[in-house]
Amino acid sequence: MSDPDPVFVSTFKADSEAFTARRPKVTVDAEDARILRSVLMKPESEHYVERLHDRGERLTRALAKE
């Protein structure tokens, strides 16, 4: 949160049965799923989605290198 360009996300954990009930085409490969979502939920935040997505990908790549 002290980063000059912070990204705030929320997580939700769902067991595989509950997850596939809503997404039947998903192949189960774990007991549960962790869903990441942005806290940008308001329609006026739509213009920020691409930037947020790019930033999330960069952060994920950096964590994978650690």
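Worth saying up front: this structure is predicted, and the values here are computed from it rather than measured. Heads up: numbering here begins at 1 and tracks the sequence.
Hydrophobic clustering (ILVMFWY, side-chain heavy atoms < 4.5 Å, transitive): Val49 and Ile35 are in distinct clusters.
Note that NZ of Lys65 is 12.0 Å distant from OG1 of Thr60, once rounded to the nearest 0.5 Å. The distance from atom CZ of Arg61 to atom CG of Leu63, rounded to the nearest 0.5 Å, is 11.5 Å.
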Below 3.5 Å, can you tabulate the donor-acceptor pairs from side chains in residues 16-28 to any protein atom, sequence neighbours excluded?
unit_1: Ser16; atom_1: OG; unit_2: Glu31; atom_2: O; d: 3.3
unit_1: Thr20; atom_1: OG1; unit_2: Ser16; atom_2: O; d: 2.9
unit_1: Thr20; atom_1: OG1; unit_2: Glu17; atom_2: O; d: 3.4

Please test Glu50 against His53 for side chain to side chain contact (heavy atoms under 4.5 Å, CB included), starting from the C-alpha separation and ending with a verdict. CA-CA 5 Å; Glu50 188 172 333; His53 186 268; 5.7 Å; no
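Annotation: Glu44, atom CD; neighbour count of heavy atoms from other residues, nucleotides and ligands within 6.0 Å is above 12.
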